[in-house]
Every structure is written in C-alpha cells, then in structure tokens.
Amino acid sequence: MKTQPRFLICVIGIMGITFVSSRAFADDKVDFEKQILPILKSKCFKCHTDKDDKGAAKKPKGGLLLITPEGIKKGGKEDGDKVVIPGKSTDSTLIKSIVLPESDEKAMPPEGKGDRVTKEDQDLIKKWIDGGADFGAWKGGAK
Ligand code: HEC
C-alpha cells in the first residue's frame with residue numbers, strides 16, 4: 001500500500017505539536033528534587049530531621065519531619081496534615097510559617113536560627129504546592 005505524502009506530513013505535524021506542548025507543560029511544573037529540596041535542605045533539615053550529625057536518633061522539632069515525603073505529608077504535632085495541602089498553598093502551614101516576619105514566634109526558621117527563605121523561593125514553594133505538591137521520584141533522606 002502506498003502511503004499518501006499528505007497524510008505523513010499531517011502525522012508528523014501532529015507529533016511535533018504534541019511534543020512541543022508537552023515540553024512547555026513540563027517546563028511549567030516545579031521539580032521537587034531540583035527546585036524545592038535544596039531550599040528545605042539548606043534552611044529546614046537541621047531541625048526537622050530524626051537524626052543528629054552523628055546519625056543518632058533524635059526527635060524532629062515540632063514533631064515535623066521534613067526529610068521524607070511521608071513526614072511532610074503527615075505534618076507536625078500542632079497542625080498535623082495541614083503542613084502541606086496539595087493545591088492550597090495559602091492554607092499550608094509550611095507556607096504560612098516562612099512568609100511570617102522573623103519576629104513572629106511562629107516564623108520559620110525561628111528568629112536568629114537561620115536564613116529566611118527568599119521571596120523568590122517562597123513563590124516557588126507556593127507554586128509547587130498549588131501544582132499538587134508532587135514529590136516526583138524523591139524517596140527522602142537527609143543527604
Ligand atoms: C533552628 C531550628 C529550626 C529550623 C532551622 C526550622 N524549624 Fe520549623 N520548627 C522548629 C521548632 C522548634 C518548631 C516547633 C515550634 C513550636 O512548637 O512553637 C517548629 C515547627 C515548625 C512547623 C509547625 C509544625 C506543626 O504542625 O506544628 C512548621 C510548618 C515548620 N516548623 C516548618 C519549617 C520550615 C519550612 C523550615 C525551613 C524554612 C523550618 N521549619 C526550619 C525549629 C526549626
């Protein structure tokens with residue numbers, strides 16, 4: 001059977017459009033491991049972990065373990081599962097705590113205990129939560 005050249009051009013055209021649009025969509029999505037993890041790692045992990053520098057077990061601050069997806073989903077002892085609510089960044093305690101002024105007692109990191117999360121990074125985390133808070137392939141771990 002002879003394939004019509006016009007048909008072929010059409011198929012190639014559709015494949016091209018699908019490829020370009022899927023790429024555009026992928027670019028718009030926040031990549032947890034590439035974009036969010038480094039922020040949490042440098043600004044939150046040292047307190048919200050279950051291991052000290054020597055690998056000995058300890059309690060994460062506020063009962064909130066941030067070094068695993070399960071810990072983030074479970075939340076802390078006060079707000080429980082409200083720490084990260086997929087699709088609702090404004091209701092998520094994680095966002096609420098990092099946008100507070102440093103002097104607020106609920107601000108994270110606590111006053112004088114670490115660098116604030118920049119406005120740019122705050123927006124990135126908001127975007128990640130509003131986009132569904134997808135952890136991708138991340139399985140957790142402090143390193
Ligand atoms: C120096 C230690 C320290 C650092 C760094 C730190 N935290 Fe905390 N965090 C705490 C303590 C202590 C509490 C408990 C506060 C309380 O009970 O009033 C807490 C509580 C929280 C809670 C509330 C949990 C709940 O449900 O009650 C959230 C959310 C939180 N931290 C997020 C963060 C984020 C996000 C970062 C990084 C930007 C961070 N923390 C960095 C010490 C820290």
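We count ligands from 1, going down the list as the structure has it; atoms in each ligand are counted the same way. We number each residue from 1, following the sequence as shown. Treat the numbers as computed from the prediction; the structure is a model and nothing was measured.
For atom 2 (C) of ligand 1, the nearest non-hydrogen atom of the protein is C47 SG, 1.8 Å. Atom 37 (C) of ligand 1 has its closest protein heavy atom at C44 SG, 1.9 Å.
Of the polar atoms of K113, none of the N or O atoms is found under 3.5 Å from an N or O of ligand 1, judged by distance alone. The shortest N/O to N/O separation between E78 and ligand 1 falls below 3.5 Å. Between K43 and ligand 1, not a single N/O pair is under 3.5 Å apart.
Between the side chain of H48 and the backbone N or O of K61, at least one donor-acceptor pair lies under 3.5 Å. Without hydrogens or angle criteria, D52 side chain to A56 main chain gives a donor-acceptor distance under 3.5 Å.
Within the 4.5 Å cutoff, the side chain of I129 has no heavy atoms near those of the I85 side chain.
Contacts between D79 and ligand 1, counted as non-hydrogen atom pairs separated by less than 4.0 Å, involve both the backbone and the side chain. By the criterion of a heavy-atom distance under 4.0 Å, neither the backbone nor the side chain of L40 is placed next to ligand 1. Contact annotation for I39 and ligand 1: no heavy atom of the residue comes within less than 4.0 Å of the ligand.
Screening L124, T118, D123 for a side-chain contact (heavy atoms from CB on, under 4.5 Å) with E120, the sole residue that qualifies is T118. For the pairing with I125, the side-chain contact (heavy atoms from CB on, under 4.5 Å) check across V30, D130, I95 returns one residue only, I95.
Protein non-hydrogen atoms do not reach within 4.0 Å of atom 23 (C) of ligand 1.
The closest heavy-atom contact to atom 29 (C) of ligand 1, among the options I95, V84, L64, comes from L64.
Atoms of ligand 1 lying under 4.0 Å from at least one heavy atom of G62, given by number and element, are 13 (C), 14 (C).
The environment of NZ in K58 is crowded: more than 12 heavy-atom neighbours from other residues, nucleotides or ligands sit within 6.0 Å. Remark: K43 NZ is packed, more than 12 non-hydrogen atoms of other residues, nucleotides or ligands lying under 6.0 Å away.
Considering atom 8 (Fe) of ligand 1 as centre, the angle to NE2 of H48 and to SD of M108 is 170° (10° rounding).
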